[in-house]
Chemist: 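Right, I'll just put the structure down here and ask away after.
All figures in this text were calculated on a predicted structure; none of them were measured in a lab. Residue numbers start from 1 in every chain, and the chains themselves are labelled A, B, ... in the order their sequence lines are given, proteins ahead of strands.
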Protein chains: 2
Amino acid sequence: MRDRQRAKTIEDVARLAGTSRATASRVLAGSPAVSDSARERVNRAAADLGYVPNAMARALATGRGDRIVLGIVSPQPVLSVDLYLGRAVTAATQAATAAGVGVSVHVLPLGAPNPLADLAADRTVCGVVLFNTTFGLLTSVPRALAGRAVSIGVGSDLVPSIDVDNGGAAREIARYLYATGRREIAMIGGPRWMPCTLRPRQAYTEVMASVGLPTRIVYGDFTADSGRESAARLLAQWPETDAIYASCDATALGVLSLLGERRIDVPGDVAVVGFDDIPYAQVGWPPLTTATHPVETIVEYAVQTVLAGRPGRADDRIFDSHLVLRRSA
Amino acid sequence: MRDRQRAKTIEDVARLAGTSRATASRVLAGSPAVSDSARERVNRAAADLGYVPNAMARALATGRGDRIVLGIVSPQPVLSVDLYLGRAVTAATQAATAAGVGVSVHVLPLGAPNPLADLAADRTVCGVVLFNTTFGLLTSVPRALAGRAVSIGVGSDLVPSIDVDNGGAAREIARYLYATGRREIAMIGGPRWMPCTLRPRQAYTEVMASVGLPTRIVYGDFTADSGRESAARLLAQWPETDAIYASCDATALGVLSLLGERRIDVPGDVAVVGFDDIPYAQVGWPPLTTATHPVETIVEYAVQTVLAGRPGRADDRIFDSHLVLRRSA
DNA sequence: CTGAAAGCGCTTACAG
DNA sequence: CTGAAAGCGCTTACAG
């Protein structure tokens, strides 16, 4: 009873199984080079003892590291966590945990000299998933991170891009608004320092050009507040606006809020479309028309790519988005 | 250049500083028992080398563990992550990361035989933060976790409770609704298996009793969908209802959605109050009256308590909540 | 297929 | 105040 206190080690398992530590280690690691008899004895012993391998010791011995870091580029040195980041962190933690590794988040301040140097030197990190990546950051990724760094956003020749097809979504949204008769279509773009906001902007611009409509862009920061402000600015500058495409749902909800306050009918007077399809998109009034953004799927894929750690850069991977028609447009 | 590849170890630092590994370790750990000269040389060497200590090796040597686990009780074996859990996981990850430890999340299925046994045996975990705790789970907490387990929710004689004063919030809300003339006040409670939903229910019941009003409770599951359903049930059973208090904002937004759809005026016909003060509370229409829930602060405090790892049970800690008046009530 | 041995990078009594 | 040495719990060439 007394020794219940001390956690069981592989040594205990080996002793009970009557093998060496090396053999116990082999069967526990699933190596095929062991006799059936040994395999059986070790497995039984491990089960009897309630053996839980010490991941740190294993990571130390293999030199593989035991945590993956989420590197989040941020204009402020202190991170402000919105719903997107919350979903991402949670999904990453789940995926990593399932693979037996932990997670930590690092803020990468915009414009810091060499933000990734420490991470590359840290043997405990098996890989890094970058968020809100900039081109500047991408050039500072140390070669030591090659093969175990991915970017949810833009990529480079070293770092694969794993992202949603937000350009395609923007195109679909713009076309839908045009097809449903809107002729004064405005867009609220994301923060200009984020390169991943470029494609939606381009897609919107292209669609407008192709149907001979003017372009009306204003920039927000992905918050609901900026949706309110942006809508007010839009309405002031182009009172005839009959559709607003916000590049995320939070911002679109802010737009809805301002329009509600001003008793502007949605979608009668102004159609509103978001992007992300967050849970709160469907509970407001009117429910928001938007396009899907499979954040969890993307992040899980990113974590697995990093963990796979194959030599060389992994392939880019773009996930589909599709329109979800509700009542706001 | 070539040896840039190999991460620097404390051995490298010691060699460059001209000391033993032991001395280098002491100054890096901040031990006072070192000469100023040694301290200075070691610190300079570490800086020059860009030395990053290997947290795994340190944890192995000290036996302290290098990650804290978030144990989330769930009725389903697979976790459904709502905004609350997303905020909690993110805040925990930030707090833990700042202390140099990682995080993993474990689902603790409701009614599993001995859900915490593995965790107690795992030397890599320095502590655990429990979410959605039940009394049953609490009784199964192994003594080995004493002093390094806390509960965001109900506690036990082994596990301190760290939580928001949701009872006080419920009392304030109920009184406010009564004070503003409501006389048919209904409540949508949280899931019945969560003991932390008990205090708000009790507070509501007590206030109603104290002013001689009947009690009208229906149970949701903290989702917006259940807010819609619960509101429909409430209206069917008690058509005269003039106020609905939902025990979380997501549910309250669902209520607002159903009421909007039925063209029931809020707050004219029915007042609606939530709890949590999530960002989305203020962007819908009408903006939601609710009470604050400092999730991040609470989780950060919990992580720090676990990391402090003092012998014996830490004190309970209840965080204040206050009413935020907007337009829905 | 198996075991003895060295090693992963740190910390910490123990002597001095 | 300092260093040599043992140890944390694993894995993995290396020999057999």
Chemist: What is the distance, to the nearest angstrom, from the OH atom on Tyr51(A) to the C1' atom on dG9(D)?
Modeler: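 Checked: the OH to C1' distance equals 7 Å.
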Chemist: Mapping Thr62(B) and Ala38(A) onto DNA chain C by nearest heavy atom, which one lands closer to the 5' end?
Modeler: Ala38(A)
Chemist: Respond yes when some side-chain nitrogen or oxygen of Ser25(B) is under 4.0 Å from OP1 or OP2 of dT11(C), and no when none is.
Modeler: yes
Chemist: Does any N or O in the side chain of Arg313(B) come within less than 3.5 Å of the main-chain N or O of Ser156(B), such that one atom is a donor and the other an acceptor?
Modeler: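 Such a contact is found between Arg313(B) side chain and Ser156(B) backbone.
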Chemist: Write down the distance between CG (Asp122(A)) and P (dC8(C)), rounded to a whole number of angstrom.
Modeler: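 Spelled out: CG on Asp122(A) to P on dC8(C) is 17 Å.
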Chemist: Any idea which of dT12(C), dA4(C), dC10(C) is nearest the Arg64(B) side chain?
Modeler: dT12(C)
Chemist: May I ask you to evaluate whether Arg123(A) reaches the phosphate of dG9(C), defined as a side-chain N or O under 4.0 Å from OP1 or OP2?
Modeler: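 For dG9(C), OP1/OP2 do have a side-chain N/O of Arg123(A) under 4.0 Å.
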Chemist: Nearest to the Ala57(A) side chain among dA4(D), dT12(D), dG9(D), which nucleotide is it?
Modeler: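 Looking only at side-chain atoms, Ala57(A) lies closest to dG9(D).
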Chemist: Return the value, rounded to whole Å, for the distance between atom CZ of Arg58(A) and atom C1' of dT12(D).
Modeler: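 In whole Å, dT12(D) C1' lies 14 Å from Arg58(A) CZ.
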Chemist: Distance check needed: dC8(C) P versus Ile10(B) CD1, whole Å only.
Modeler: 15 Å
Chemist: Of Thr23(A) and Arg39(B), whose closest DNA chain D nucleotide lies nearer the 5' terminus?
Modeler: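 That would be Arg39(B).
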Chemist: Tell me, please, which residues at least two apart from Arg39(A) pass salt bridge (charged side-chain N to carboxylate O under 4.0 Å, His left out).
Modeler: none
Chemist: Can you tell me how far C1' in dG16(D) sits from the matching atom in dT12(D), rounded to whole Å?
Modeler: 16 Å
Chemist: Is Leu130(B) close to Val73(B) at the side-chain level, that is, under 4.5 Å between some pair of heavy atoms?
Modeler: no
Chemist: Ignoring backbone atoms, establish whether Ser35(B) has a side-chain N or O less than 4.0 Å from OP1 or OP2 of dT2(D).
Modeler: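 For dT2(D), OP1/OP2 do have a side-chain N/O of Ser35(B) under 4.0 Å.
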Chemist: Which nucleotide in the list dC8(D), dT2(C), dC10(D) gets nearest to the side chain of Arg26(A)?
Modeler: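 Selected nucleotide: dT2(C).
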Chemist: Any idea which of dG9(C), dT2(D), dA4(D) is nearest the Thr9(B) side chain?
Modeler: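 Looking only at side-chain atoms, Thr9(B) lies closest to dG9(C).
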Chemist: CG of Leu28(A) versus P of dG9(D): gap in Å, rounded?
Modeler: 15 Å
Chemist: Could you tell me whether the side chain of Leu307(A) reaches within less than 4.5 Å of the side chain of Cys126(A), counting heavy atoms only?
Modeler: yes
Chemist: Looking only at the side chain of Ala61(B) (C-beta and beyond, no hydrogens), which of the listed nucleotides dT2(D), dC10(D), dT11(C) gets closest?
Modeler: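 Nearest nucleotide to the side chain: dT11(C).
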Chemist: Whole angstroms only, please: what is the CE-C1' distance between Met56(B) and dG7(C)?
Modeler: 14 Å
Chemist: Could you check whether Arg87(B) makes a cation-pi contact with Tyr84(B), meaning its NZ or CZ is under 6.0 Å from the centre of the six-membered ring and within 45° of the ring axis?
Modeler: no
Chemist: In whole angstrom, what separates Asp66(B)'s CG from dG9(C)'s P?
Modeler: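 Interatomic distance, CG of Asp66(B) to P of dG9(C): 16 Å.
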Chemist: Paired with dT2(C) by Watson-Crick or G-U wobble geometry, both distances under 3.5 Å: which nucleotide is it?
Modeler: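 Checking every strand shown, dT2(C) finds its partner in dA15(D), with both distances under 3.5 Å.
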Chemist: Hey, does Val306(A) have a side-chain heavy atom less than 4.5 Å from the side chain of Val128(A)?
Modeler: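 No - every pair of side-chain heavy atoms lies 4.5 Å or more apart.
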Chemist: Can you identify which nucleotide, out of dG3(C), dT11(D), dC8(D), has its nearest atom closest to the Thr19(A) side chain?
Modeler: dG3(C)
Chemist: Between atom CG in Asn54(A) and atom C1' in dG9(D), what is the gap in whole Å?
Modeler: 6 Å
